[in-house]
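For reference, the structure is listed below as structure tokens.
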Amino acid sequence: MTTLQKIHDVPVLMCAPEGEPIRSERDALDLIGDAGYQGAQRVVIPAERFDEAFFQLSTRVAGDIIQKFVQYGLGIVVLGDISRHTEASSALRDFVRECNRGRQTWFLADVEELTERLKG
């Protein structure tokens, strides 16, 4: 289930923690379609919804999913604790750091951090 919320006047599609795992570009396109229909500018997906392969950069799953969001002009936020993944992979840690410097893809700990990012 998803809900549309406005945070600092930014329409954000919030995905529920429970639900089908996000494994592929097709799963991303379903969320993108829902977001577009509801007028969202960003899609917030709890980290636990992603298949483990998303956090293993060598699988290219993260790149494929994020690229779909880029193509459709939507921001994506991976929300939650991913420290076990970043501790296991310096490449993922670097990827997360670079993403968080930009405006399109964010890896954030919680809704408070998201709210702060959307302030400005």
Side-chain angles (χ1 to χ4, degrees):
M1 180 170 180
T2 59
T3 58
L4 186 68
Q5 296 180 14
K6 280 205 174 183
I7 302 174
H8 297 293
D9 291 327
V10 177
V12 177
L13 188 69
M14 303 290 287
C15 297
E18 59 281 336
E20 290 296 315
I22 297 162
R23 297 185 167 114
S24 67
E25 290 177 63
R26 172 156 309 286
D27 299 327
L29 286 170
D30 289 344
L31 289 173
I32 290 165
D34 192 14
Y37 177 75
Q38 294 193 47
Q41 293 177 6
R42 291 194 174 276
V43 177
V44 177
I45 307 167
E48 61 264 29
R49 288 284 301 276
F50 287 97
D51 186 79
E52 288 293 310
F54 180 86
F55 299 102
Q56 299 166 5
L57 295 182
S58 63
T59 66
R60 302 174 69 168
V61 171
D64 292 344
I65 288 172
I66 290 169
Q67 185 60 37
K68 284 296 171 197
F69 280 88
V70 170
Q71 287 173 339
Y72 285 88
L74 276 174
I76 179 174
V77 178
V78 178
L79 194 70
D81 182 9
I82 63 165
S83 60
R84 73 181 175 94
H85 300 291
T86 56
E87 288 169 5
S89 168
S90 62
L92 179 62
R93 193 169 41 251
D94 293 343
F95 178 72
V96 167
R97 185 174 43 253
E98 287 302 313
C99 286
N100 283 343
R101 287 182 181 168
R103 297 202 38 81
Q104 200 281 325
T105 304
W106 295 335
F107 291 81
L108 305 176
D110 52 37
V111 174
E112 290 77 23
E113 193 174 356
L114 172 62
T115 301
E116 188 62 32
R117 284 275 184 125
L118 292 175
K119 239 187 214 181

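Values below: all heavy atoms of this structure, side chains included; hydrogens, waters and symmetry mates excluded.
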Checklist entry - Given the rule in the side-chain contact (heavy atoms from CB on, under 4.5 Å) test, do Ile45 and Phe54 qualify, once you have shown the distances and angles that lead to the verdict? => result CA-CA 12 Å; Ile45 307 167; Phe54 180 86; over 6 Å; no
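- Here the CG-NZ distance, from Asp64 to Lys68, works out to 8.5 Å after rounding to the nearest 0.5 Å.
- A pairwise comparison of heavy atoms in Val43 and Ala35 identifies CG2-CB, 3.5 Å as the closest pair.
- Salt bridge absent: Lys6 and Asp9 never bring a charged side-chain N and a carboxylate O closer than 4.0 Å.
- Taken to the nearest 0.5 Å, the CD atom of Glu25 stands 7.5 Å off from the CD atom of Gln71.
- Nearest heavy atom pair, residue Ala28 against residue Phe69, reads CB-CE1, 3.9 Å.
- Under a hydrophobic clustering in which Ile, Leu, Val, Met, Phe, Trp and Tyr are joined whenever their side-chain heavy atoms come within less than 4.5 Å, directly or via other members, Phe50 and Val44 fall into different clusters.
- The two residues Thr59 and Gln56 have their closest heavy-atom pair at OG1-O, 2.8 Å.
- Atom-to-atom distance recorded for Thr105:OG1 and Glu98:CD is 12.0 Å, nearest 0.5 angstrom.
- For Asn100 (side chain) and Arg97 (main-chain N/O), no donor-acceptor pair under 3.5 Å exists by modelled atom type.
- Heavy atoms only, all atoms of each residue included: Ala62 and Leu57 are closest at CB-CD2, 4.2 Å.
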Checklist entry - Does the pair Leu118 and Trp106 meet the rule for a side-chain contact (heavy atoms from CB on, under 4.5 Å), with working shown? => result CA-CA 11 Å; Leu118 292 175; Trp106 295 335; 3.8 Å; yes
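- Follow the hydrophobic side-chain contacts under 4.5 Å out from Phe95 and you reach Ile65 in the same cluster.
- To the nearest 0.5 angstrom, Leu4 atom CG is 12.0 Å from Tyr37 atom OH.
- With Gln104 contributing its side chain and Leu74 its backbone, the two residues share a donor-acceptor pair below 3.5 Å.
- Atoms CG and CG, from Leu114 and Leu79 in turn, are 6.5 Å apart once rounded to the nearest 0.5 Å.
- The backbone N or O of Glu113 sits less than 3.5 Å from a side-chain atom of Asp110, completing a donor-acceptor pair.
- Linking Ile, Leu, Val, Met, Phe, Trp and Tyr residues whenever their side-chain heavy atoms come within less than 4.5 Å places Val70 and Leu13 in a single cluster.
- Rounding to the nearest 0.5 Å gives a distance of 10.0 Å between CD1 of Ile22 and CD of Glu48.
- Contact check on Glu87 versus Arg84 returns no salt bridge, with no Lys/Arg side-chain nitrogen under 4.0 Å from an Asp/Glu carboxylate oxygen.
- Nearest heavy atoms, His85 versus Leu92: CB-CD2, 3.5 Å.
- Cluster membership for Ile32 and Ile76, using ILVMFWY side-chain heavy atoms within less than 4.5 angstrom, is shared.
- Contact record, Leu31 with Cys15: CD2-SG, 3.6 Å, taken as the closest heavy-atom pair.
- In this structure a side-chain-to-backbone donor-acceptor pair under 3.5 Å is present from Arg93 to Thr86.
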Next on the checklist: Evaluate Phe107 against Cys99 for side-chain contact (heavy atoms from CB on, under 4.5 Å), listing each step before the verdict.
Outcome noted: CA-CA 7 Å; Phe107 291 81; Cys99 286; 4.0 Å; yes
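- Glu20 has no carboxylate O lying under 4.0 Å from a charged side-chain N of Arg26, or vice versa, which leaves the two without a salt bridge.
- The same ILVMFWY cluster, assembled from side-chain heavy atoms under 4.5 Å apart, contains both Ile66 and Tyr72.
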Item to check | Residues Thr115, Val111; criterion side-chain contact (heavy atoms from CB on, under 4.5 Å); working and verdict | outcome: CA-CA 6 Å; Thr115 301; Val111 174; 4.0 Å; yes
